[in-house]
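Report on the structure given below.
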Amino acid sequence: LSPQNLVTIGNLACGVGAVLLCIVGIVEQDAEKLYHAAWWLVLAEFLDGVDGKIARMTGTASPLGAQLDSLADAVAFGVAPGVLAFSMWHMFAAEFALSLHPRLLMVAPIVYSACAVLRLARFNVDHEEDDLKKENVRFVGLPSPGAAGMPISMALLYFGISDIKFFDIPPDVVHDVRGFLLYAMPFILVLMGLLMVSRVPFPHFFAWMTRSKKPVATLAKFIFMFGFMCLEPEACLFLFSFCYTLVPIITQFLPSRRNV
């Protein structure tokens, strides 16, 4: 096994571990398990971002690694986020007296997972003859790790909003925000699924962070992100996920984009 394939298997392990934590959390009614599951998926996002870099740096990129990466993504970013959102709803909905159609709660994760798998299959077919040594800088449709970022970061913000230290948030506002995040999760899953199979172009986040002819600019990006993450990690991840999803959609409606 090459180094990048081991990292990819680590991505898969984080996805499977997150699903198992959700199951144990529901069975034991232990909310902390769901919080840990969300962070395991954040780790999966990081591993998914660096495995391709490692392959290109070591010159070990291969078709096997590309297929393995897609299969790992199908679990970590196609199945696990839906299970996390489903588990969050069933653990906390009664606390907020929330009610949604039971079939929607089942259909939303299924639609999300199906779209993620279709997105990965389409990517493999479209890039079958690409040079594996070259990094993709743009995607057609929201990539599965980016789509997973929204439900994952919403779950983390649900747990972390009461710990934000920048300003005092009244308890009633915390309660309302948590209720909104919980209620919105099934709809966000469906929306992320539709964006994955859309033709809207999205940038490669890690490529944007690291591809720069100005080392100072790249370093500044990492310092800013690291500092923000240290201050308010849950809020930071939600903000980045929200902007990554929303900004490319907005740019599609700009006059300069329509005239291209």
Got a list of side-chain donor-acceptor pairs under 3.5 Å for residues 15-30, not counting sequence neighbours?
from, atom 1, to, atom 2, distance (Å)
Gln29, NE2, Ile26, O, 3.0
Asp30, OD1, Glu32, N, 3.1
Asp30, OD2, Lys33, NZ, 2.9

So which pairs with a foot in residues 88-104 pass salt bridge (charged side-chain N to carboxylate O under 4.0 Å, His left out), sequence neighbours left out?
none
Report the hydrophobic cluster partners of Val107, with the cluster defined as I, L, V, M, F, W, Y residues connected by side-chain heavy atoms closer than 4.5 angstrom, directly or transitively.
Val111
What residues form a side chain to side chain contact (heavy atoms under 4.5 Å, CB included) with Cys14, not counting sequence neighbours?
Leu43, Ala44, Leu47
Can you list, by chain and residue number, the hydrophobic cluster partners of Val197 when the side-chain cut-off is 4.5 Å?
Leu118
Residues in side-chain hydrogen bond (donor to acceptor under 3.5 Å, both in side chains) contact with Ser70, at least two apart in sequence or another chain
Asn124
Let me have the donor-acceptor pairs involving side chains of residues 71-91, under 3.5 Å, with sequence neighbours excluded, atom names and distances please.
from, atom 1, to, atom 2, distance (Å)
Asp73, OD1, Asn11, ND2, 3.1
Ser87, OG, Val83, O, 2.7

Which Ile, Leu, Val, Met, Phe, Trp or Tyr residues join Val140 in one cluster when any pair of side-chain heavy atoms under 4.5 Å counts as a link?
none
Tyr158: ring-ring contact (aromatic ring centres under 6.0 Å, His included) partners, not counting sequence neighbours
Phe92
Where at least one partner belongs to residues 173-191, residue pairs that pass side-chain hydrogen bond (donor to acceptor under 3.5 Å, both in side chains), sequence neighbours excluded:
Ser162-Arg178
With sequence neighbours excluded, tell me which residues meet side chain to side chain contact (heavy atoms under 4.5 Å, CB included) with Pro170.
Asp172, Val173
Using the test ring-ring contact (aromatic ring centres under 6.0 Å, His included), find all partners of Phe242 that sit at least two apart in sequence or belong to another chain.
none
